[in-house]
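Each ligand, and each atom within it, is numbered from 1 in the order the structure gives. Heads up: numbering here begins at 1 and tracks the sequence.
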Amino acid sequence: MDLFEYQGKQLFARYGIPVSAGVVADTVDEAITGASSVGLPVVVKAQVLVGGRGKAGGVKLASTLDEVRTHAGNILGLYIKGHVVRRLWVEHASDIAAEYYASFTLDRAAKQYLGMLSAQGGVEIEQVTESIARLHIDPVAGLSEAACREWVAEAGLPAEAVPLLMKLYEVFVDGDADLVEINPLILLPSGAVHALDAKVTLDDNARFRHPEWDEFTGLEKLDPREREASAKGLQYVGLDGDVGVIANGAGLAMATCDIVHEVGGRPANFLDIGGGASAQVMANALEVINNDPSVKSIFINIFGGITKGEEVANGIVQALGQVDITSPIVIRLDGTNAVEGREILRSHESDRLVSKPTMVEAARKAVELAR
Ligand code: GDP
Ligand code: MN
């Protein structure tokens, strides 16, 4: 789960990382009231889950309430990399003496944590990769203050950054994050360091021990289809086409979306029902797809592995008995016991339920039916 900047900063503040005073605003009036309460000058910042907001016009300094009104009005509703801005963060503006970069993430290949520091922050970090001081951290041993001090010196950051980075490491580990990033981490004219931006990705697998994360989910999923799918425990991403896609395994689901494109169609979604597709999971998936008014046909693409073809077929048949489907369905069933599975589907076939032996034939049929 990705956090908005303001949520990341709220999390940072709980761990004692210095951030600017600010307020959330969903309207121009709230932005003006907020600016008065935090004190001018302020920065008006778009809250979207993508970086590069500054370049896209989503971060503006305002030294008067009139400027707050103008910027808030311009930024609300702005599209940044396909994300519409519905919320602002208005914070007291900082004077910047220097901009740095700091992050902790997982290096899966090294089976260690990876800290990255650079004295050239503020810009996209990919542009200054040669300036990054990397620090691998044994997750069992943790980060010692001595190692942190050395790392900070190597990167050319002031020693004041050490306590902040120790706290950021704590957010990363105790907070069960996959990524914590501050870009820019700034040096104030006073010599203190301060987090001016916050990017946090929490590890969804740790959700069970963080009931407090519920507060973060407010604006995250605005697509009602995604909300419904998430409530049913499905891996679903809404897209804007008209061919509903159900597949088992993320790789196959992506390949299914690709092949729909390849034969001239547009997928309405990505949906991975995972391994061991039970009848109930299939019914849940069909229900989510069925509730999407833009879906004109449904493409079920299952490759039997541990789950045998006849179980998948029985699951589909049972699911069809549970959900009243409005769009025609095309099924491609392959893998373990595919022949037995197709045999079960055969007696249910009609012009509303078509079985095809290959992915490309099934994709063509599904796209044709969506026209
Ligand atoms: P991003 O573009 O999405 O990464 O958004 P940031 O929060 O990093 O802001 C972009 C840039 O705006 C920063 O790198 C700063 O240069 C500038 N900026 C943000 N807040 C302030 C502030 O309080 N004072 C000043 N002077 N500049 C700011
Ligand atoms: Mn930034």
Problem set entry | NZ/NE/NH1/NH2 to OD/OE distance under 4.0 Å, Asp26 and Arg86 |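 Here Asp26 does not pair with Arg86 in a salt bridge, since their nearest N and O are not under 4.0 Å apart.
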Problem set entry | atom 11 (C) of ligand 1 touched by protein (heavy atom, under 4.0 Å) |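 Neighbour list for atom 11 (C) of ligand 1 is empty of protein heavy atoms (cut-off 4.0 Å).
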Problem set entry | Protein contact for atom 17 (C) of ligand 1 (heavy atom, distance under 4.0 Å) |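 Not a single protein heavy atom is under 4.0 Å away.
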In the protein, what heavy atom is nearest to [atom], and what distance, to one decimal place, separates them?
atom                    : value
atom 27 (N) of ligand 1 : Ile96 CD1, 3.4 Å
atom 21 (C) of ligand 1 : Leu196 CD2, 3.4 Å
atom 2 (O) of ligand 1  : Gly54 N, 2.8 Å
atom 5 (O) of ligand 1  : Arg53 NH2, 3.1 Å

Exercise. Going through the distances and angles, do Thr105 and Asp178 end up as a side-chain hydrogen bond (donor to acceptor under 3.5 Å, both in side chains)?
Worked result: CA-CA 6 Å; Thr105 184; Asp178 281 338; over 6 Å; no
Identify, by atom number and element, the atoms of ligand 1 in contact range of [X], meaning under 4.0 Å from any of its heavy atoms.
X      : answer
Asp197 : 1 (P), 4 (O), 5 (O), 6 (P), 7 (O), 8 (O)
Lys45  : 6 (P), 7 (O)
Val43  : 20 (N), 21 (C), 22 (C), 23 (O)

For this session: Measure from atom 24 (N) of ligand 1 to every heavy atom in Ala46, Ser94, Ala93 and give the option owning the shortest one.
Result: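 That would be Ser94.
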For this session: Please work out whether the ring planes of Tyr169 and Phe172 are parallel, tilted or perpendicular, with thresholds of 30° and 60°.
Result: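 Answer is tilted, since the angle falls between 30° and 60°.
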Exercise. For the residue pair Tyr6 and Trp89, does the interplanar ring angle fall in the parallel (under 30°), tilted (30 to 60°) or perpendicular (over 60°) class?
Worked result: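 Answer is parallel, since the angle falls under 30°.
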Exercise. Within the distance-only criterion (no hydrogens, no angle test), does the side chain of Gln47 pair as donor or acceptor with the backbone N or O of Glu5 below 3.5 angstrom?
Worked result: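 Yes, because the side chain of Gln47 sits within donor-acceptor range (under 3.5 Å) of the backbone of Glu5.
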Exercise. To the nearest 0.5 Å, how far apart are CE in Met254 and CG in Asp272?
Worked result: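 Those atoms lie 9.0 Å apart.
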Exercise. Could you state the interatomic distance from OH (Tyr236) to CD1 (Ile246), rounded to the nearest 0.5 Å?
Worked result: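 Reported to 0.5 Å precision, the distance equals 10.0 Å.
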Exercise. Given the side-chain rings of Phe104 and Tyr113, with only the six-membered ring counted for Trp, is the space between their centroids under 6.0 Å?
Worked result: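 Ring centroids of Phe104 and Tyr113 are no less than 6.0 Å from each other.
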Exercise. For Lys199, is the nearest heavy atom under 4.0 Å from an atom of ligand 1?
Worked result: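 No; Lys199 lies far enough from ligand 1 that no heavy-atom distance drops under 4.0 Å.
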Any N or O on [X] sitting closer than 3.5 Å to an N or O of ligand 1?
X      : answer
Asn183 : yes
Val59  : no
Glu5   : no
Glu99  : yes

Exercise. Can you find a heavy atom in the side chain of Asn284 that is under 4.5 Å from one in the side chain of Leu234?
Worked result: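 Counting from C-beta outward, Asn284 and Leu234 do come under 4.5 Å.
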Exercise. How wide is the angle at the Mn ion (ligand 2) between OD2 of Asp197 and O of Asn183, to the nearest 10°?
Worked result: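 Reported to 10°, the angle equals 100°.
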Problem set entry | Single hit among Val19, Val38, Val44, Leu196 for side-chain contact (heavy atoms from CB on, under 4.5 Å) with Glu91 |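 Looking at Val19, Val38, Val44, Leu196, the match for Glu91 under the side-chain contact (heavy atoms from CB on, under 4.5 Å) is Leu196.
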